[in-house]
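Order of listing sets the numbers, starting from 1, for every ligand and every atom in it.
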Amino acid sequence: MPNFGNQVQFSLYQTMPNPDPERLPVVYEEWEKRAREVLEDGPFYYVAGGAGGESTMQANLQAFNRWKIVPRMLREVDDRDLTVELFGDTYDSPLMHAPIGVQSIIHPDGELASARASAEMGVPYITSSASTKPMEEIAKAMGDAPKWFQLYWNKDQDVTASFVKRAEASGYSAIVVTLDTPMMAWREYDLKNVYLPFLIGEGVGNYFTDPAFCSKLSKSPKVDPASAIMHWAKTFGNPGLTWDDIAFLRKHTRLPILLKGILHPDDAKLALDHGVDGVIVSNHGGRQVDGALGALEALPQVCDVIQDRIPVLMDSGIRRGADVIKALALGAKAVLVGRPCMYGLAAAGERGVKEVLQNMMADMDITMALAGERSVSGLDKSVLRESK
Ligand SMILES: Cc1cc2nc3c(=O)[nH]c(=O)nc-3n(C[C@H](O)[C@H](O)[C@H](O)COP(=O)(O)O)c2cc1C
Ligand SMILES: O=C(O)C(=O)c1ccccc1
């Protein structure tokens with residue numbers, strides 16, 4: 001998509017001198033403000049909040065400030081290439097929609113809206129195990145557009161195997177296993193607001209439609225939702241997992257397997273040793289370990305260990321185009337966009353998510369060009385300087 005950024009920029013300026021009164025925000029902080037206006041305390045803080053005192057959320061943002069772009073001049077940047085290749089597929093840009101559960105608490109269309117918006121933008125959508133809508137419905141809403149499935153490894157191995165089988169059958173092309181959430185973290189705002197969406201039956205769409213999950217219940221979730229929710233709460237997380245369990249997953253799927261939540265270089269080494277296909281450097285948007293290092297801080301060391309043998313992706317703190325450029329320059333092949341999409345969803349459903357993704361892509365394209373780079377695959381550390 002040559003000059004994508006300039007086209008979007010031009011279309012936004014084109015409404016001069018009478019801007020569309022329905023116009024959506026462009027500024028990230030204004031999207032968040034809009035979400036705050038339309039959501040009740042419970043859902044808003046569920047999305048916006050983090051673990052404990054939110055020091056990891058702060059570290060995520062600060063980590064980007066430590067790196068500065070050093071633009072180069074006169075480098076023929078009129079025709080740019082945003083595409084990336086992963087596992088034999090070519091994607092339009094290095095942006096992906098992060099796996100995010102329980103989107104029904106943010107907008108009535110929930111995951112269907114964000115999946116459709118991602119499809120329109122050619123952004124791969126990563127369906128969460130904890131989606132309110134079942135994975136098959138989300139896949140159907142996306143047609144042939146690229147989609148991956150995020151696995152929460154259930155305590156019941158039959159459920160885990162069933163999720164993977166369903167994901168394959170419904171057209172997902174990779175499995176993202178999230179390792180950093182064997183249990184929900186200590187989230188102060190959710191405890192204060194007494195708000196946990198699953199307890200009111202949100203975010204369980206994949207479980208309540210799963211034959212393996214339902215076979216363990218004495219009554220169907222429709223007849224006795226309270227017991228089904230209790231069973232979900234008992235089996236959702238699996239703190240007993242070890243590296244040896246990766247073999248179980250490998251046995252159950254031929255799709256590429258990516259591990260999400262890698263921060264320590266030794267875990268990157270273990271990921272390689274256990275034959276996975278990719279890793280995602282992430283601290284879950286600061287929602288799990290309060291006091292953890294910023295995800296971008298962890299990225300260079302993980303890349304040093306991986307040495308390009310498998311792709312390294314990252315998330316946690318991506319807000320603007322320059323953030324994407326920095327993450328790619330430090331070795332990420334692609335980045336996952338989390339909260340910005342959810343603020344777009346809260347403010348304007350499908351259209352909101354689409355604009356958030358479109359604007360971030362445009363901003364990234366323009367920033368890359370102004371930095372003197374022509375293709376995302378050519379970005380490396382030479383475009384950055386670390387400020388002490
Ligand atoms: C409301 C919410 C729900 C989330 N649900 C999931 C999930 O179901 N599975 C998962 O792997 N990550 C989940 N995440 C984490 C995101 O995938 C991603 O790691 C995080 O949002 C990135 O940080 P950022 O939002 O600050 O950019 C969730 C994040 C939020 C904000
Ligand atoms: O809230 C989250 O961050 C999250 O990952 C999650 C965990 C369980 C169910 C849904 C979402």
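Ring geometry for W148 versus Y91: interplanar angle over 60°, hence perpendicular rather than tilted (30 to 60°).
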* **Residues Y207, Y152; criterion side chain to side chain contact (heavy atoms under 4.5 Å, CB included); working and verdict** => CA-CA 11 Å; Y207 299 85; Y152 272 135; 4.0 Å; yes

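A salt bridge is absent between E30 and R34; no separation between the charged side-chain nitrogens and carboxylate oxygens falls under 4.0 Å. In summary, R250 and D277 engage in a salt bridge, as defined by a charged side-chain N under 4.0 Å from a carboxylate O.
With respect to atom 5 (N) of ligand 1, the closest heavy atom belonging to the protein is G101 N, 3.1 Å. Residue, atom and distance of the protein heavy atom nearest to atom 8 (C) of ligand 2 are F236 CZ, 3.2 Å. At the shortest separation from atom 12 (N) of ligand 1 among protein heavy atoms lies K260 NZ, 3.0 Å. Among protein heavy atoms, the minimum distance from atom 9 (C) of ligand 2 is reached at F198 CZ, 2.9 Å. In this structure, the protein non-hydrogen atom closest to atom 11 (C) of ligand 2 is Y46 OH, 3.6 Å.
Atom CD of E386 sits in a crowded spot, with more than 12 heavy atoms from other residues, nucleotides or ligands closer than 6.0 Å.
Residue S316 approaches ligand 1 through these ligand atoms, each under 4.0 Å from one of its heavy atoms: 22 (C), 23 (O), 27 (O). The distance from ligand 2 to the heavy atoms of R287 drops below 4.0 Å at these ligand atoms: 1 (O), 2 (C), 3 (O). Distances below 4.0 Å separate heavy atoms of G285 from the following atoms of ligand 1: 20 (C), 22 (C), 23 (O), 26 (O).
Each of L313, V302, D180, V335 was compared with I280 under the side chain to side chain contact (heavy atoms under 4.5 Å, CB included) criterion, and only L313 meets it.
Within the cation-pi definition used here (under 6.0 Å to the ring centroid, within 45° of the axis), R287 qualifies as a partner of Y46.
At least one donor-acceptor pair under 3.5 Å links the side chain of N283 to the backbone N or O of L293.
Relative to atom 28 (C) of ligand 1, the option among S131, G317, P99, A48 with the closest non-hydrogen atom is P99.
Using a 4.0 Å cut-off between heavy atoms, S128 contacts ligand 1 through its side chain alone, with no backbone atom that close. Residue contacts with ligand 2, taken as heavy atom pairs separated by less than 4.0 Å, do not involve Q150 at all. Contact annotation for R339 and ligand 1: heavy atoms of both the backbone and the side chain come within less than 4.0 Å of the ligand.
Ligand 2 lies nowhere less than 4.0 angstrom from a heavy atom belonging to Q288. Using a 4.0 Å cutoff on heavy atoms, M57 does not count as a contact of ligand 1. Within the 4.0 Å heavy-atom shell around ligand 1 one does not find M342. The shortest separation from a heavy atom of I100 to ligand 1 is under 4.0 Å, placing the residue in contact.
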